[in-house]
Every structure is written in structure tokens, then in C-alpha cells.
A.B. asks: 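So that we are looking at the same thing, I have put the structure below in C-alpha cells.
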Amino acid sequence: MSDVQKKKFVVTRFDPDKDEVPKTQEYTIPVRPDWKVLDALNYIKDEVDGTISHRWSCRMAVCGSCGMLVNGEPKLTCSTPLDEYGDEVHVAPLSNFPVIRDLVVDLEGFLDKFKSVKPWIVRAKEKAVEEGPCRQTPEELHAFKQFSMCINCMLCYAACPVVANVPEFLGPAAIALGHRYNLDSRDEGAAERNEVFRGEGTVYECSYANECSEVCPKNVDPAAAINQAKLLAVLDWMKSFVTPRRGGE
Amino acid sequence: MSRPVNPRAMAPARAGRTRTAAPSVPDRFWSAPRMRRYLLFDATGITYLLVGLSILRVVWALGSGPEAWQTVLRQFRSPAYLAFHALVLLSVVYVGVRFFGLFPKAQPPKIGPASPPPGPVLTAMLYAAWAGATLVLVLVLGGVLP
Ligand code: FES
């Protein structure tokens with residue numbers, strides 16, 4: 001067993017009942033070459049220190065719950081190979097979020113933003129069941145499919161310099177999801193969402209840093225969505241001068 | 001270890017019952033290569049501010065008579081000024097290349113009934129427009145065009 005490799009993990013800890021501010025704690029543990037970062041955290045939790053708190057579920061980059069900073073970079077820990085790092089690995093909660101405990105961040109702020117963009121299909125009048133399904137061509141599906149692949153892992157919020165400075169900013173994932181529905185041929189809620197996009201936390205806060213797209217583990221490209229939404233929101237505003245809105249607004 | 005960001009970043013509309021630690025970013029957040037590229041892009045704004053001020057100075061000299069104008073021309077030929085303009089040229093090229101790279105994906109799949117051209121075509125059009133504008137400028141400055 002002498003050739004078992006060991007790594008030191010510097011993990012950010014925060015206990016809301018005891019700590020004023022987060023601190024770090026070190027754990028040196030044996031690791032296997034095929035491990036992901038999450039495997040090491042689970043080992044620490046199971047074998048060394050059961051008090052450590054972190055989120056995870058699917059272990060296959062689908063649920064989006066295991067996002068953390070690994071050596072300062074936003075990563076899905078379940079899909080980040082441990083052998084990409086040296087003998088010391090720093091694991092911290094995602095940047096730009098309030099921290100509930102250890103590596104667990106508060107997602108309520110995101111959910112508020114998320115709800116505000118109406119991430120569902122809005123129809124002026126629901127189609128009766130007898131009328132059959134709303135059909136889409138492959139091109140119509142292609143228009144928004146990329147933006148529907150978001151798993152709400154929040155890596156994009158952790159990477160975004162605007163999120164850090166402008167609390168009202170809706171942020172990458174919420175805008176990408178709102179834009180996804182605006183591009184959906186079955187949806188009729190674009191005018192309502194565009195009003196949100198132009199309102200508080202406007203899409204125009206985005207300075208196109210492109211950080212969100214660079215860290216996105218699912219290639220959603222939220223920066224593309226935001227900047228497409230900017231143009232469409234302006235066009236929609238201009239259109240509102242010549243076309244009356246639903247409900248006589 | 002970490003530095004604070006806006007304390008209201010990603011805060012919920014209604015505070016929860018659990019006390020939370022304030023949002024932060026790693027101390028060395030700027031050390032990621034992608035972040036450095038973005039900060040460099042941001043920093044080019046300083047050169048544009050200085051160019052704007054130097055243009056104001058030129059306008060002021062124009063209104064202050066031939067002597068002031070000659071002084072400005074003399075200063076423009078100084079090595080420091082030439083180095084500054086080389087830096088501005090680099091800034092413009094950097095911002096242009098960055099913008100041309102990001103521009104195509106910012107186009108929605110459809111604008112009204114029309115679809116924008118494919119990304120590589122859009123990029124090629126941008127570079128062609130850039131080359132064309134530069135050529136016209138060179139011809140005007142060289143006295144070939146009026
Ligand atoms: S555990 Fe589900 S995405 Fe990582």
C-alpha cells in the first residue's frame with residue numbers, strides 16, 4: 001500500500017452557528033487515479049470528517065448540484081478529474097453567492113431571478129387537447145435547443161464579474177432560459193419576458209465578458225443567449241410603438 | 001483567501017432564517033487566463049479615454065492660433081507620443097479581434113423573417129469591412145483620395 005498517492009485538500013468551512021467568517025480546514029487523504037474531485041470530498045465526509053457539508057446527487061454532470069470552486073475555478077466536481085491537479089487541491093463554495101454552510105451556497109436569490117423570466121411556455125390561449133400537440137420542425141427546435149441544456153449548476157454566476165457587482169442583474173442562466181422560451185415557436189410570452197429583460201437587472205448590464213460561456217459544463221453558451229436577448233429586446237421595444245400589445249396595452 | 005463582492009450579490013428577495021456568510025471571490029480571481037484576457041480588454045478603455053483627451057487638446061489648439069497648433073504637431077512627433085499611438089493601435093486591434101470573434105454568436109437565429117449569415121461569413125464580412133475602412137483611410141492620408 002506504500003504506493004498509494006495522497007493529496008492535501010484545503011476545504012472552506014463555515015458554520016453559521018459558530019463562525020463569523022469562513023475558514024479553511026486541511027485534510028490529507030489517499031486518492032485513486034480515476035477519482036473525480038467529488039469522490040475525494042465524499043471520502044472526507046465518509047471516512048474523516050462527517051461534519052463537512054456539500055451538495056451532490058447524480059454524479060454524472062446532469063443534476064447541477066455539485067458546483068464548487070476547485071483551485072479558484074468554477075467546476076462541476078463530479079466531472080472534474082482529480083489528476084488534473086497537483087498535491088494540493090483547494091475546494092471552496094461558488095463565488096458570488098451567500099454561503100449557508102461549508103460548500104453549500106444559498107440558491108434562493110437565483111430562484112427569484114429565475115422565476116421572474118417565466119421559464120415556461122406562455123400561451124395567450126391554451127390549445128385544447130383535441131386540437132393535438134404543438135408541432136415543431138427540426139429547425140424550430142434547433143433555434144433554442146442549445147439554451148435548453150442548462151442544468152442550473154450556477155457555475156456561470158460564479159464566473160460572472162457583473163453578478164459580483166450588480167445584485168439586480170438577472171444573470172446568465174436565468175436570461176439564457178428566458179431567451180430559450182422566447183425562441184420557442186410554441187411560446188407567446190416573448191413580450192412579457194422582454195419587458196423583464198429591459199427592466200430592473202436588465203440584460204444590458206452584461207459587458208460580454210464571456211466568462212459564463214467559458215465555464216459552462218454543458219456548452220449552453222449563456223453569453224450568446226444574453227447578447228441575442230439584448231438585440232431582440234430592443235427590436236421588441238421598437239415594435240411596441242407600431243403594434244398594439246395583447247390586452248390593449 | 002477570498003475578497004468580498006457586493007454584499008447583496010445573489011441575495012434572496014426575502015432573507016432566510018439561517019445566517020449566511022457574505023458572497024466573495026477568490027483573492028486571485030484575476031489570475032485565470034480567461035479573466036486576464038477580459039481585464040486586458042477592460043483596460044483598453046483607459047487608452048480610449050486618453051485618446052479622447054488628446055483630441056480635445058487638438059481642438060483646443062486649433063482654436064488657439066497657429067503657434068499652439070505647431071506645438072501640438074511637434075509633440076505628436078515625439079517618441080513618447082508615437083509609442084502611445086502604437087499602444088492605442090494595439091488596443092484597437094485587440095478589441096476588434098475580440099469583438100469580431102464574439103459578434104457572430106450574438107446574432108439571434110432569426111431577426112423577423114430573416115436569418116443572419118453563418119458565423120464564419122459574418123466574421124469574414126467584419127474583417128473585410130475593417131480592411132476596407134483602413135485602406136480608404138490610408139489612401140486619404142496618403143493624398144491619393146481627396
Ligand atoms: S452530482 Fe449531479 S451534476 Fe454533479
Side-chain angles (χ1 to χ4, degrees), chain A residues 12 14 16-17 19-24 69 71-73 90 92-93 95-101 105-113 139 142-144 154 157-159 161 163-168 171 179 183 207-211 213-215 221 223-224 226-232 235, chain B residues 1-45 95-116 118-119 122:
Chain A
T12 302
F14 172 69
D17 294 327
D19 301 325
E20 270 311 305
V21 290
K23 58 188 189 212
T24 54
L69 294 187
N71 282 3
E73 285 288 298
H90 292 243
S95 308
N96 301 338
F97 283 88
V99 180
I100 294 176
R101 177 183 286 268
V105 295
D106 187 353
L107 297 177
E108 286 299 320
F110 165 69
L111 293 174
D112 291 339
K113 293 174 194 292
E139 290 79 49
H142 181 71
F144 69 83
M154 301 295 106
Y157 282 79
V163 167
N165 294 305
V166 185
E168 295 76 24
H179 182 60
L183 294 180
S207 56
Y208 212 168
N210 205 45
E211 296 291 299
S213 295
E214 300 218 18
V215 300
D221 206 346
I226 298 170
N227 287 280
Q228 292 179 14
K230 284 178 187 173
L231 179 61
L232 292 179
L235 294 177
Chain B
M1 191 175 82
S2 65
R3 63 173 76 188
V5 296
N6 188 311
R8 291 196 303 115
M10 297 312 288
R14 265 183 301 136
R17 274 175 297 162
T18 312
R19 192 171 70 85
T20 52
S24 63
V25 287
D27 249 349
R28 293 168 54 82
F29 73 96
W30 43 264
S31 64
R34 58 187 164 71
M35 198 40 134
R36 285 205 174 139
R37 288 195 297 272
Y38 175 64
L39 290 176
L40 193 60
F41 163 72
D42 263 3
T44 59
V95 170
V97 170
R98 186 179 188 274
F99 175 74
F100 293 171
L102 291 175
F103 181 80
K105 71 175 186 176
Q107 307 314 304
K110 269 201 158 47
I111 302 173
S115 295
L122 264 180

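A, B, ... follow the sequence lines: proteins, then strands. Residue 1 opens every chain.
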A.B. asks: What part of A/K113 is in contact with chain B, defined as an atom under 4.5 angstrom from a non-hydrogen atom: side chain, backbone, both or neither?
C.D. replies: side chain
A.B. asks: Who among B/S24, B/A13, B/P23, B/A11 has the most heavy-atom pairs with chain A under 4.5 Å?
C.D. replies: B/P23
A.B. asks: For B/R8 and A/E168: C-alpha separation, side-chain torsions, deciding distance, then whether salt bridge (charged side-chain N to carboxylate O under 4.0 Å, His left out) applies.
C.D. replies: CA-CA 9 Å; B/R8 291 196 303 115; A/E168 295 76 24; 2.8 Å; yes
A.B. asks: Taking side chain as everything from C-beta outward and backbone as N, CA, C, O, which of these in A/I100 sits under 4.5 Å from a heavy atom of chain B? Side chain, backbone, both or neither.
C.D. replies: both
A.B. asks: Please name all residues satisfying salt bridge (Lys or Arg N to Asp or Glu O under 4.0 Å) with B/K110, sequence neighbours left out, ordered by chain then number.
C.D. replies: none
A.B. asks: Among A/E211, A/E108, A/K230, A/H90, which residue has the highest count of heavy-atom pairs closer than 4.5 Å to chain B?
C.D. replies: A/E211
A.B. asks: With side chain to side chain contact (heavy atoms under 4.5 Å, CB included) as the criterion, how do A/E214 and B/R37 come out once you've worked through the C-alpha distance, each side chain's angles and the decisive distance to 0.1 Å?
C.D. replies: CA-CA 12 Å; A/E214 300 218 18; B/R37 288 195 297 272; 3.4 Å; yes
A.B. asks: Measure A/V215 against the heavy atoms of chain B and call it side chain, backbone, both or neither at under 4.5 Å.
C.D. replies: side chain
A.B. asks: So for A/A92, is it side chain, backbone, both, or neither that comes closer than 4.5 Å to the heavy atoms of chain B?
C.D. replies: neither
A.B. asks: What residue in A/D19, A/L111, A/V166, A/V105 has the most heavy-atom pairs under 4.5 Å with chain B?
C.D. replies: A/D19
A.B. asks: Just how far is it from atom CG of A/L231 to atom CD1 of B/I111, taken to the nearest 0.5 Å?
C.D. replies: 5.0 Å
A.B. asks: Side chain, backbone, both or neither: which part of A/F144 has a non-hydrogen atom closer than 4.5 Å to chain B?
C.D. replies: neither
A.B. asks: From B/M10 CE over to A/M154 CE, what is the distance, rounded to the nearest 0.5 angstrom?
C.D. replies: 6.5 Å
A.B. asks: Do B/P109 and A/L183 have side chains that approach each other closer than 4.5 Å (heavy atoms only, starting at C-beta)?
C.D. replies: yes
A.B. asks: Among residues two or more places apart or on two chains, list those pairs meeting side chain to side chain donor-acceptor pair (under 3.5 Å) that have a residue in residues 95-107 of chain B.
C.D. replies: A/N210-B/K105, A/D221-B/K105
A.B. asks: Is it the backbone or the side chain of B/T18 that comes under 4.5 Å from a heavy atom of chain A, or both, or neither?
C.D. replies: side chain
A.B. asks: Are the side chains of B/P26 and A/L69 in touch, meaning some heavy atoms are under 4.5 Å apart?
C.D. replies: yes
A.B. asks: Return the minimal non-hydrogen interatomic distance between B/Y38 and A/S207, and the atom names on each side.
C.D. replies: OH-OG, 2.7 Å
A.B. asks: Mind ranking A/D17, A/I226, A/D112 by heavy-atom pairs under 4.5 Å with chain B and telling me who comes out on top?
C.D. replies: A/D112
A.B. asks: Measuring from A/F97:CZ to B/T20:OG1, what's the distance to the nearest 0.5 Å?
C.D. replies: 12.5 Å
A.B. asks: Answer with side chain, backbone, both or neither: which region of A/Y208 has an atom nearer than 4.5 Å to a non-hydrogen atom of chain B?
C.D. replies: both
A.B. asks: Counting only heavy atoms closer than 4.5 Å, note whether A/V21 contacts chain B via side chain, backbone, both or neither.
C.D. replies: neither
A.B. asks: Measuring from atom CZ of B/F29 to atom CD of A/E73, what distance do you get when rounded to the nearest 0.5 angstrom?
C.D. replies: 12.5 Å
A.B. asks: Top residue by heavy-atom pair count (under 4.5 Å) with chain B, among A/P167, A/A158, A/P161, A/G109?
C.D. replies: A/P167
A.B. asks: Check step by step if side chain to side chain contact (heavy atoms under 4.5 Å, CB included) holds for B/V25 and A/N96.
C.D. replies: CA-CA 6 Å; B/V25 287; A/N96 301 338; 3.4 Å; yes
